[in-house]
Each structure stands twice: as structure tokens, then as C-alpha cells.
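Encoded as C-alpha cells, the structure appears first; notes follow it.
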Amino acid sequence: MEGFNGNFSATAGLGQKFRGNSALSLNYKKNNTTYFGSYSYSDDKYVNRLNIERIISNDGIETLFDQKSNLHIKDRTHTYKFGIEQKTSDRNVMSLQFNGSNNVELNDNDSKSLIGPLTTIDSTLISMTQFKEGFNRYSINFNNEFKIDSTGKKLVLDLDWSKFKNSKKADYDNRLFNQNDQLIRDPELLRSEMPIGIDIYVAKLDYNQPLNKTSNIETGVKYSNVKSDNNLLFEEQLDNVWTNIVNRSNHFVYKEQIAAGYFDYDNQIGKWGIKAGLRGEYTLSDGHSITENKQVKRNYFDLFPSANLSYDAHENHIFSLGYSRKITRPNYRQLNPFDYFIDKYTSERGNPYLNPQYANELNLNYTLYKKYTVTLGYNAQTDAIVESMGQDSIKKTTWVTRENLGKNNSAFLNLSMPVQIAKFWSSYNNITAVYMNFDGAIAGAVVNNSSFLFQVNSMSTFKLSPSLSAEMNLRYFSPFTYNIYKLESRWDAQIGFTKNFKDKRSSLKLAVSDVFNTSNQNLSTNFSSFNTKIRQNQDRRVARLTYSYKFGNLKNVTKKKSTDNEEKQRAQ
């Protein structure tokens with residue numbers, strides 16, 4: 001089981017533009033030491049088209065904004081990893097791993113907005129926006145697993161440090177023309193820059209102890225320390241001089257510390273299985289707008305119980321009932337006060353004062369013949385993080401943000417059904433029905449609406465020959481209402497063919513996503529003073545050809561430990 005092995009893959013894809021990626025992973029094991037590393041590079045180019053139609057009313061006068069935007073995006077990413085795993089004794093294994101990625105995204109957005117009363121277009125806004133965003137991520141992880149004795153007692157230490165460096169730059173050129181295509185005023189030239197730095201420190205210690213052959217306890221502690229520094233500078237060019245726009249610039253620093261502990265117990269008593277746990281978290285957070293001299297400090301303690309009861313009525317009939325209380329914290333990008341402008345009148349902005357949302361979840365599950373499952377669930381959210389809209393009827397501007405708004409309750413029924421249709425044809429089918437109710441205030445108006453969502457996912461695999469297989473995936477989403485938005489139905493299809501060569505080391509796959517270009521999400525809202533229709537055409541129909549090759553000792557399988565944690569995911 002020792003020696004050297006690796007895997008190489010290369011993909012070429014074509015949508016409206018070319019995209020491609022390649023990856024190489026290497027492993028070497030000798031005696032009690034394993035070295036591993038990987039590198040991948042992706043170069044993607046795509047075009048997204050967006051049409052937004054808004055009607056804004058002010059003192060009984062309605063103004064139409066018919067906006068069409070083309071977003072030309074280039075995205076290049078280098079991702080790399082290397083590490084060492086050392087077995088220091090029969091009972092102890094330690095590993096040290098470094099992860100890094102460097103991403104640059106260029107976004108050229110040209111937008112044309114027809115503006116005027118509902119019956120007449122009296123002006124046209126041409127907006128040209130250039131975005132450049134660099135996102136660099138580095139992390140170091142140390143893990144040590146110590147088996148205390150042969151009964152299964154185990155102690156695991158995990159230490160992780162991550163640093164995220166993000167730079168956002170944008171240049172805006174807005175030109176307003178009259179009906180005769182003449183400039184109404186001088187071009188409006190704006191620019192913004194926001195360097196972002198996020199430092200994350202996480203330490204965990206977990207202890208596991210079997211009590212007997214059927215019962216087990218696990219306990220542990222965790223501490224995380226996060227600092228996010230966002231310094232937004234927004235400037236306007238006046239008389240060829242760049243001048244700071246004070247009310248649009250903002251230096252915001254967010255600090256967060258979380259200390260947590262948990263205790264889990266599970267036991268199997270005959271046909272009954274019992275699991276119960278309790279997690280406690282104490283949070284200190286400090287959101288400080290240095291520019292506005294505003295500071296929001298919070299400290300709070302939360303308990304998160306969980307329980308699961310299972311019953312094996314028969315080997316072909318298994319029931320389980322589970323409950324858990326959960327917390328979802330906003331990611332750090334949602335806390336950034338950055339304004340992303342599609343044009344002068346339309347933008348998306350962060351909310352530095354978002355709070356976590358809480359949920360109580362209840363699930364009832366039935367498994368038939370160890371492959372068919374039926375799940376009935378209920379989820380009740382409070383302080384729900386909801387996408388909201390804002391509007392200035394005088395300036396004619398509209399923006400999208402996220403806020404903690406009211407309650408969001410949902411119930412669902414899920415059916416999972418694998419089917420062997422023929423010897424060469426197997427199918428996996430998933431059907432979900434969801435009932436949702438939102439009760440809260442959005443943009444100063446009360447919302448209490450309910451909606452029903454139905455979705456189907458069917459994936460088929462065809463064994464055409466010993467070396468050739470095919471896949472087909474079909475998805476459908478029914479129309480539904482999400483707080484103030486009405487989303488239209490959509491569906492898509494994906495197909496793929498895989499050829500495995502005689503050497504059993506190499507393969508070639510041809511796949512096409514969104515074959516019929518039908519997965520675009522279109523939506524509208526007609527609520528209070530908001531009257532908007534949004535049509536999207538995203539570059540999702542892509543044909544990809546992938547070649548993969550495995551080399552070296554294929555019997556030497558190295559299992560890599562995941563170094564992800566909640567704090568890292570919130571920084572993505």
C-alpha cells in the first residue's frame with residue numbers, strides 16, 4: 001500500500017465563450033509518512049444578460065425604466081494544496097496542511113436604460129461599468145488524532161488559521177441622452193475601491209468514548225475569532241479631480257468571537273436507537289462603522305438541543321423522528337457595505353448590521369427496503385435573513401439588500417425512489433413538495449403570504465457497454481412566491497457520455513449542461529410601491545470535454561481530512 005500515485009484531468013468547455021480547467025494531484029507514502037499535494041487552474045469566460053423593467057410612482061406620476069444589461073465576465077483561479085501526514089505511533093496520527101487560492105474576476109457591464117412616462121421615452125441612460133475583484137485565500141491546518149486505548153476512546157485536536165484578502169475596484173461611466181441622442185449633461189464618472197481583509201482563527205478539541213457495545217458519548221469545545229475589515233472609498237470626478245463622496249464611503253470593521261461546547265449521547269436498545277445532544281454558544285460581536293461613528297456591540301448565549309429517535313420495525317421498515325435547533329449567521333460578504341451598481345439607478349448593497357437567523361427543525365423519516373425513503377419535515381425560522389428591496393421615489397433609485405425580517409415557516413414532503421428500469425438502465429428520482437409562509441415587514445409594509453413549491457429531479461444512468469456509459473439528469477421547479485417575489489417555473493436537462501479505456505486508468509467524458517437553455521430564473525414583484533420584472537439569461541448551456549488519467553500505485557488510497565469550517569464558508 002506504499003508508493004506514488006496521482007491523478008490528472010483537463011477540461012475544455014464551450015458556452016457562449018470558451019472556458020477550461022486542469023488539475024493535478026500527487027500522493028507519496030513511505031513507511032508511516034504520507035506527502036500529498038494538488039494544483040488546479042480554471043479560466044472561465046461567460047456572458048450573462050439581464051433585463052429589468054421598473055415602474056416608479058411619485059405624486060401620481062409613473063416613470064418607466066426599461067433596462068437591458070450585458071455582463072461579460074472573465075474568471076481565473078489558481079488553487080493549490082500540500083501537506084504531510086505522519087503516523088508517530090500505532091495510536092497517534094498528526095497532519096499539517098496548507099491550502100491556497102488566487103482568483104481574479106473581471107466584469108465589464110454595459111447597460112442601456114430607456115426612461116420616461118409609461119407612454120413616451122424621453123431619455124436614455126448608457127452605463128458602462130468595469131469591475132475588477134481579486135480574491136486570495138490562505139489557510140494552515142494542524143490536526144492530531146490520538147487513540148487513547150483499544151476500546152475506542154479518542155481525542156482529536158484541530159487548529160486552523162485562515163486569511164482572506166479581497167480587493168474590489170469599480171469604474172462607472174454614466175451618460176444621459178435625450179430623445180435626439182444628445183447629452184443632457186456631462187458624463188458622470190465615478191469609481192469605488194474596497195480592500196477587504198478577513199482573519200479567522202479556529203481551535204477545536206473533541207473527545208469520543210464508547211460506553212459499551214451499543215452506546216457512545218462525544219463531547220468537545222470550540223473557539224473562533226474573526227476580524228473583517230472593509231474600507232469602502234467612493235469618488236466622483238469633478239473638474240478632472242477625483243473627490244470623495246462622503247455619504248457613500250464607509251470604513252467598517254466587524255469582530256466576532258464564539259466559544260462553544262457540546263455533548264452528544266447515542267445508544268441502541270434493541271430495535272430502538274436514541275441520540276441526544278446539546279450545544280451551547282457564547283458570542284461576542286462588534287460592528288463598527290468608523291466613518292459614521294456607529295458601533296453595534298452584542299453578546300449573547302444560545303443553547304441548541306437536538307434529538308433523534310429511530311425504530312427498526314423490520315430490516316425493510318425503519319422509522320426515525322428528529323428535532324434540532326440551529327443558527328445561521330450571515331456570511332461576511334453580506335455584511336460588507338459595498339454597493340454593486342448595475343447602472344446609476346439600480347444596485348445591490350450589503351448590510352453591516354445583519355443578525356443571525358434561528359430555526360427549529362422537525363423531521364419524520366421512513367425507509368422502505370433500505371432504498372426508498374419518505375421524509376416529512378417542518379422548519380420554523382425567526383429573524384429570517386430575507387432579501388429585501390429599497391426605493392427612492394424622488395431619485396428614482398432601487399436597491400436590493402438583506403435584512404432580518406419576520407418569520408419564515410415551511411413544511412415539506414420528500415420522496416426518494418431509485419428504480420432499476422432495465423438491466424442497462426438505472427434511475428434515481430427525487431420529488432419534493434414544499435409549503436412556505438412568510439410573515440414580516442418588508443420596506444415598511446406588512447407581508448403575510450403563503451406559497452406552494454413542487455420540484456422533481458430525475459437522474460438516469462445507462463450502461464451502453466462495458467466501457468461506455470451515459471447519464472441524463474432532468475430537473476423541474478414549479479412557480480412559487482418567495483416573500484415579495486413571484487418566481488416563474490423553470491426546468492433543465494443535462495446529458496453526458498463517459499468512455500473508460502482498456503488501461504483502466506484513463507477516461508474521456510463529454511457532457512452538456514442546460515441542453516435547451518431553459519434554466520433561467522425569471523421573477524417579478526408588484527408589492528407596495530415596488531413594480532418590477534426581471535428577466536435573466538445566464539450562460540449555463542455549456543459543452544464540456546474532460547480527460548482524466550490515474551497513474552502510479554492505484555491501491556494506495558490516501559484519505560484527506562477536510563479543513564473546512566463554518567467560519568471559512570461564511571467568507572466565501
Side-chain angles (χ1 to χ4, degrees), residues 300 302-309 320-331 334 348 350-351 353-366 373-391 398-416 430-457 475-491 519-534 536 570:
Y300 50 93
D302 288 306
L303 288 174
F304 300 95
S306 62
N308 185 275
L309 180 66
S320 67
L321 176 65
Y323 163 79
S324 63
R325 183 173 187 259
K326 296 182 179 180
I327 182 173
T328 302
R329 294 181 172 87
N331 68 50
Q334 292 173 342
E348 179 179 354
N351 180 2
Y353 305 109
L354 269 180
N355 292 324
Q357 71 178 19
Y358 296 87
N360 287 289
E361 296 183 359
L362 189 65
N363 291 285
L364 176 63
N365 188 80
Y366 168 59
T373 62
V374 180
T375 304
L376 180 65
Y378 177 74
N379 183 297
Q381 293 180 350
T382 57
D383 289 332
I385 298 176
V386 177
E387 186 172 289
S388 177
M389 296 184 71
Q391 187 167 280
T398 300
W399 59 89
V400 174
T401 188
R402 287 175 175 82
E403 298 180 275
N404 295 101
L405 301 171
K407 300 176 182 178
N408 196 11
N409 300 326
S410 62
F412 71 89
L413 176 66
N414 177 266
L415 306 177
S416 177
N430 193 283
I431 303 173
T432 305
V434 184
Y435 171 81
M436 291 180 289
N437 174 264
F438 177 80
D439 185 4
I442 295 181
V446 176
V447 179
N448 190 339
N449 58 35
S450 300
S451 179
F452 180 80
L453 167 67
F454 180 74
Q455 63 184 48
V456 180
N457 184 22
R475 297 187 303 173
Y476 169 77
F477 299 86
S478 71
F480 74 104
T481 300
Y482 174 70
N483 60 66
I484 63 172
Y485 300 103
K486 294 182 178 180
L487 285 76
E488 298 179 4
S489 64
R490 58 190 172 98
W491 68 279
S519 66
N520 298 299
Q521 182 70 78
N522 299 320
L523 61 143
S524 62
T525 181
N526 191 355
F527 167 76
S528 184
S529 60
F530 301 100
N531 189 342
T532 304
K533 293 181 180 179
I534 300 175
Q536 304 178 77
R570 291 169 60 199

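The structure displayed is predicted, hence computed values, not measured ones. FYI, the numbering just counts along the sequence from 1.
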If you round to the nearest 0.5 Å, how far is [atom2] of [Y] from [atom1] of [X]?
| X | Y | atom1 | atom2 | result |
| --- | --- | --- | --- | --- |
| Asn483 | Asn408 | CG | CG | 7.5 Å |
| Ile431 | Ser416 | CD1 | OG | 9.5 Å |
| Glu488 | Gln521 | CD | CD | 8.0 Å |
| Ser388 | Arg402 | OG | CZ | 11.0 Å |
| Asn531 | Gln391 | CG | CD | 9.0 Å |

Set of residues satisfying side-chain contact (heavy atoms from CB on, under 4.5 Å) with respect to [X], sequence neighbours excluded:
| X | result |
| --- | --- |
| Ser450 | Tyr435, Asn437 |
| Thr532 | Ile52, Arg54, Met389, Thr525, Ile534 |
| Gln455 | Thr432, Leu453, Phe477 |
| Asn308 | Lys275, Ser310, Ser320 |

Check your understanding: Pick from Asp383, Thr382, Thr328, Asp302: which one makes a side-chain hydrogen bond (donor to acceptor under 3.5 Å, both in side chains) with Tyr358?
Key ->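 Exactly one pass, corresponding to Asp302.
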Exercise for review: Applying side-chain hydrogen bond (donor to acceptor under 3.5 Å, both in side chains) between Asn430 and each of Thr373, Asn414, Asn457, report the one that passes.
Suggested key: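 The side-chain hydrogen bond (donor to acceptor under 3.5 Å, both in side chains) with Asn430 is passed solely by Asn414 among Thr373, Asn414, Asn457.
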Review point. Would you say the side-chain atoms of Asn365 and Thr375 include a donor-acceptor pair closer than 3.5 Å?
Key: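 Distance-only check passes for Asn365 and Thr375.
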Check your understanding: Which pair of heavy atoms, one from Met436 and one from Phe480, lies closest together, and at what distance?
Key ->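 Scanning both residues completely, I find the closest heavy atoms to be CE-CD1, 3.3 Å.
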Review point. Shortest non-hydrogen contact from Ser410 to Val434?
Key: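 Scanning both residues, the minimum pair turns out to be CB-CG1, 4.3 Å.
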Holding to side-chain hydrogen bond (donor to acceptor under 3.5 Å, both in side chains), I want the full list of residues that pass it with [X], two or more places apart in sequence or in another chain.
| X | answer |
| --- | --- |
| Asn360 | Tyr323 |
| Tyr485 | Glu387 |
| Tyr353 | none |
| Ser478 | none |

Review point. Step by step, would you call Leu376 with Phe412 a side-chain contact (heavy atoms from CB on, under 4.5 Å)?
Key: CA-CA 6 Å; Leu376 180 65; Phe412 71 89; over 6 Å; no
Within a strict 4.5 Å, meaning less than it, do heavy atoms of the [X] and [Y] side chains meet?
| X | Y | value |
| --- | --- | --- |
| Val386 | Phe438 | yes |
| Tyr378 | Leu364 | no |
| Glu348 | Trp399 | no |
| Gln381 | Lys407 | no |
| Leu354 | Asn404 | yes |
| Gln536 | Leu523 | yes |
| Asn526 | Ile484 | no |
| Phe454 | Tyr476 | yes |

Review point. With sequence neighbours excluded, what pairs up with Lys533 under the salt bridge (Lys or Arg N to Asp or Glu O under 4.0 Å) test?
Key: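 With neighbours one apart ignored, the set is empty.
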Exercise for review: Could you tell me which residues satisfy salt bridge (Lys or Arg N to Asp or Glu O under 4.0 Å) with Arg329, sequence neighbours excluded, listed by chain and number?
Suggested key: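 Arg329 satisfies salt bridge (Lys or Arg N to Asp or Glu O under 4.0 Å) with Glu281, Glu566 only.
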